[in-house]
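Here the structure comes first, spelled out in structure tokens, and everything after it is commentary.
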Amino acid sequence: MEKSLKRENEDDNPTKSKFMRKYNPDFIKYGFVNGGSAAVPRAQCVECGITLSNEALKPSKLQRHLETKHPTLVGKPVEFFKRKEDELQMEKESIVSPTGASKCVLKASYLETRRLALGKKSFTIAEELVLPCAIDMCREMIGEAAANKLLTIPLSTDIEDMASDIQQQLIERVKSSPFFSLQLDECTDVTNATLLLVFVRYRMDNSLHEDMLFCRELTGTTAQECFHCIDNYFSENGMDWQNCVGVCSDGAASMTGKHHGVIVQILNRAPEAKWTHCFLHCESLAAKAMSEFQEVMDVSVNTINFIKNNAVNSRCFAKLCEDMQADHIQLLHHSEVRWLSTGLVLNRLFEMRKEVFSFLTERKYPHADHFANTKFTAKLAYLCDIFSRLNQLNISLQRRSSNIFVVADKVQAFKRSLALWTKRTQEKRMDMFPLLSEILEDFPHVNISDSVSQHLSQLAEKFDDYFPEDPREGHMWILDPFSVDPTANDVALPSYLESQLLEVSTDSTLKLQWGKLDLDSFWIAVSRQYPCLALRAVKQLLPFTTTYLCESGFSIVATTKTKAGNKLRATLEATLRVSLSPIPPRLDLIVSQRQAQVSYQEVKIKEEIV
């Protein structure tokens with residue numbers, strides 16, 4: 001052992017060696033290249049990769065290694081060994097080099113991980129499908145060398161690195177923004193854990209941006225715990241409550257409690273902030289007014305539950321629909337927590353009313369006769385029509401980068417439509433409700449105009465209750481500063497801002513930009529000349545109007561946090577941040593701070609692939 005160590009030391013230090021053999025390029029015909037340095041050359045086999053000592057640089061020893069270790073390669077042409085040399089060099093560059101190719105390998109791993117997160121897929125799919133497919137395609141289309149190079153990509157890249165970098169960029173952006181607004185909601189996930197999800201809207205450069213601020217698991221659902229979670233995040237990241245100008249949430253008691261609700265505690269910390277009750281939530285609450293149509297809704301829901309909640313009934317109903325050649329074979333589940341559920345469920349039930357009647361009659365269900373009653377069918381048709389209109393309103397409110405003017409326009413238009421529909425109903429005109437009109441044409445003796453008129457009036461009252469004020473009032477100058485009279489009574493501005501608005505309204509240069517920029521970008525551009533007036537406008541545009549982003553985020557939680565999702569090598573917050581944030585991670589910076597590591601498990605997986 002001592003002799004061998006001494007020999008290796010002598011090879012590494014030529015000054016202590018009596019004789020140093022040189023590498024001859026002709027040794028490639030034996031399958032060997034220089035695996036050492038120019039000062040201390042060594043023989044390296046291009047097939048097995050083993051490196052021999054300097055003393056082995058003899059044709060006889062190299063020939064003996066080829067014949068004993070790789071007898072099938074004896075007699076191969078020099079071009080064959082040169083191709084092997086190229087492949088060996090590629091492997092050296094991808095694995096050994098601490099800079100160039102190894103960084104590309106690690107960056108490729110991050111790109112693969114981010115794409116899986118954006119696609120809301122489990123990370124295990126990379127090991128089970130993505131990498132094996134990529135290797136097969138590269139081997140077939142490019143060659144074995146390219147396939148072997150893919151084997152160097154580590155599959156255990158930590159998504160936390162990308163999430164941390166995205167969060168760092170986001171915090172820097174929010175802190176550099178003069179003001180920001182929040183959107184928050186809580187929900188129970190598939191594991192019965194209570195999650196608090198918070199989004200932020202802030203100003204950066206020439207526009208307003210939206211992003212997920214954080215997602216944390218709560219130990220309880222009290223208002224105090226929710227607020228402490230947000231407040232602690234602000235403290236940890238150096239965010240100032242004084243810059244918060246808006247907060248949007250639903251009307252849950254823990255959020256809107258008069259004395260200790262989350263909103264009250266936030267407004268105490270952020271004096272300039274204003275609370276916005278989610279327009280989607282308000283619209284959903286207003287739509288619960290059913291008048292005498294409540295009986296129709298109850299019968300419909302009970303019927304659906306009777307068929308859907310029993311496996312035998314569900315299978316028999318599907319078989320009946322197939323025999324009757326129906327367009328659908330299943331009803332839809334009704335859910336109180338989903339915005340569009342009621343309209344979709346009622347429409348499917350109305351379309352399948354004949355199949356439902358046949359099935360309920362066979363089962364001697366108590367409510368079967370209702371589906372043969374023309375008046376009940378007419379009322380069901382009206383509910384389908386009105387909830388279809390409500391769903392259209394709901395969908396129009398579900399959007400990103402929405403502001404108070406956009407949603408207020410939609411709500412005010414619907415309230416006016418309700419007044420118009422009530423007037424037409426009283427005149428016995430039902431053409432605005434297509435399904436109901438079709439039923440009334442087939443059965444002209446059916447008269448439900450009084451019931452419809454009463455329901456529309458009640459619905460209008462509920463919308464007035466949940467949307468009592470027009471948030472656009474006094475702020476129309478923001479929507480169009482060039483057609484508003486600054487001296488009018490509906491412009492609630494201090495005198496010094498009225499003067500600035502007058503100057504803006506007569507500025508022809510700004511008017512040219514008005515048609516080219518969106519609303520928030522325009523006012524940010526105005527801030528260069530009229531900072532005080534533009535600041536007032538931006539404060540009105542910053543607050544969220546719905547919790548749409550939170551609801552969308554919870555839908556992704558339901559997709560991500562499954563049995564497969566539990567295998568993810570990351571926290572839920574990190575996965576959500578990478579999948580939801582529009583901010584790309586700075587991969588070059590991340591890679592420069594890390595070095596690719598391949599685990600034993602990945603080596604085994606790649607051996608199985610090969």
Side-chain angles (χ1 to χ4, degrees), residues 279-301 327-328 332 334 338-354 370-371 373-399 405-468 470 472 546:
F279 276 62
L280 292 170
H281 189 241
C282 290
E283 187 257 5
S284 179
L285 293 174
K288 291 183 179 294
M290 298 300 296
S291 185
E292 63 180 77
F293 290 92
Q294 186 63 50
E295 181 185 1
V296 180
M297 177 62 73
D298 293 340
V299 171
S300 300
V301 173
D327 293 336
H328 309 285
L332 301 178
H334 178 258
R338 297 186 183 275
W339 294 323
L340 309 180
S341 176
T342 303
L344 299 176
V345 166
L346 291 177
N347 270 285
R348 178 64 62 87
L349 180 63
F350 181 80
E351 293 173 2
M352 304 182 70
R353 61 188 183 280
K354 294 180 180 179
H370 285 85
F371 292 90
N373 186 298
T374 54
K375 189 171 184 179
F376 177 88
T377 304
K379 289 184 176 181
L380 180 60
Y382 164 71
L383 286 181
C384 292
D385 286 326
I386 192 63
F387 274 101
S388 176
R389 297 301 185 98
L390 287 166
N391 284 358
Q392 292 176 12
L393 171 62
N394 198 294
I395 292 174
S396 68
L397 299 178
Q398 298 179 36
R399 53 179 294 177
F405 298 100
V406 174
V407 296
D409 289 344
K410 303 293 184 182
V411 172
Q412 294 300 320
F414 189 80
K415 292 170 71 173
R416 291 188 178 186
S417 297
L418 287 175
L420 176 62
W421 297 338
T422 303
K423 179 178 178 296
R424 287 185 176 180
T425 303
Q426 292 171 352
E427 298 171 354
K428 311 297 183 183
R429 297 165 57 192
M430 300 291 185
D431 54 298
M432 61 282 190
F433 301 128
L435 295 180
L436 178 58
S437 296
E438 183 179 342
I439 294 296
L440 294 180
E441 288 179 4
D442 296 336
F443 305 98
H445 62 280
V446 176
N447 183 13
I448 63 169
S449 58
D450 293 339
S451 300
V452 172
S453 177
Q454 181 183 355
H455 178 255
L456 291 174
S457 298
Q458 186 179 9
L459 195 59
E461 292 177 2
K462 288 295 182 180
F463 265 80
D464 288 335
D465 292 340
Y466 284 102
F467 302 100
D470 187 349
R472 302 169 300 178
T546 68

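Model, not experiment: these values are computed from the prediction.
Of the inter-residue distances, the one linking Phe414 atom CZ with Asp409 atom CG reads 15.5 Å to the nearest 0.5 angstrom. How far CZ of Phe350 is from OG1 of Thr377: 7.0 Å, rounded to the nearest 0.5 Å. Between atom CZ of residue Arg353 and atom OG of residue Ser300 there is a gap of 12.0 Å, rounded to the nearest 0.5 Å. Residue Leu456 holds its CG atom at 5.5 Å from CD1 of Ile386, rounded to the nearest 0.5 Å. The structure places NE2 of His281 at 12.5 Å from OG1 of Thr546, a figure rounded to the nearest 0.5 Å. Here the CE-OG distance, from Met432 to Ser437, works out to 7.5 Å after rounding to the nearest 0.5 Å.
Looking only at distances, a side-chain donor or acceptor of Ser457 sits under 3.5 Å from a matching main-chain atom of Ser453. Gln458 places no side-chain N or O within 3.5 Å of a backbone atom of Ala289 that could act as its donor or acceptor partner.
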- Any chance you could lay out the side chain to side chain contact (heavy atoms under 4.5 Å, CB included) test for Leu346 and Leu380, step after step, and finish with the verdict? CA-CA 8 Å; Leu346 291 177; Leu380 180 60; 3.9 Å; yes

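The environment of Glu295 atom CD is sparse: at most 12 non-hydrogen atoms of other residues, nucleotides or ligands sit within 6.0 angstrom. At most 12 heavy atoms of other shown residues, nucleotides or ligands fall within 6.0 angstrom of atom CD in Glu438. Counting heavy atoms of neighbouring residues, nucleotides and ligands inside a 6.0 Å radius, atom NZ of Lys415 exceeds 12 of them.
At least one side-chain heavy atom of Arg424 sits less than 4.5 Å from a side-chain heavy atom of Asp431. Between Asp385 and Met430, every side-chain heavy-atom pair lies at or beyond the 4.5 Å cut-off. In this structure, the side chains of Lys462 and Lys288 stay at 4.5 Å or more apart for every pair of heavy atoms.
A pairwise comparison of heavy atoms in Ser449 and Thr425 identifies O-CG2, 3.2 Å as the closest pair. When all heavy atoms of Leu390 and Ala287 are compared, the closest pair comes out as CD1-CB, 3.7 Å. Residue Gly343 comes nearest to Phe387 through the heavy atom pair CA-CB, 3.7 Å, listed as atom of the first residue, atom of the second, then distance. A pairwise comparison of heavy atoms in His328 and Met352 identifies O-CE, 3.3 Å as the closest pair. Minimum heavy-atom separation, Val446 to Lys375: CG1-CA, 4.1 Å. Looking at every heavy atom in both residues, Leu393 comes nearest to Lys410 through CD1-O, 3.8 Å.
Side chain to side chain, Asp450 and Gln454 fail the donor-acceptor criterion of an N or O pair below 3.5 Å. A donor-acceptor pair shorter than 3.5 Å cannot be found between the side chains of Glu351 and Asn347.
Ring planes of Phe433 and Tyr382: perpendicular class, angle over 60° (limits at 30 and 60°). A perpendicular orientation is assigned to the rings of Phe376 and Phe371, their planes being inclined by more than 60° (bins at 30° and 60°).
Across Leu383, Leu459, Val296, a single residue satisfies side chain to side chain contact (heavy atoms under 4.5 Å, CB included) together with Met290, and that is Leu383.
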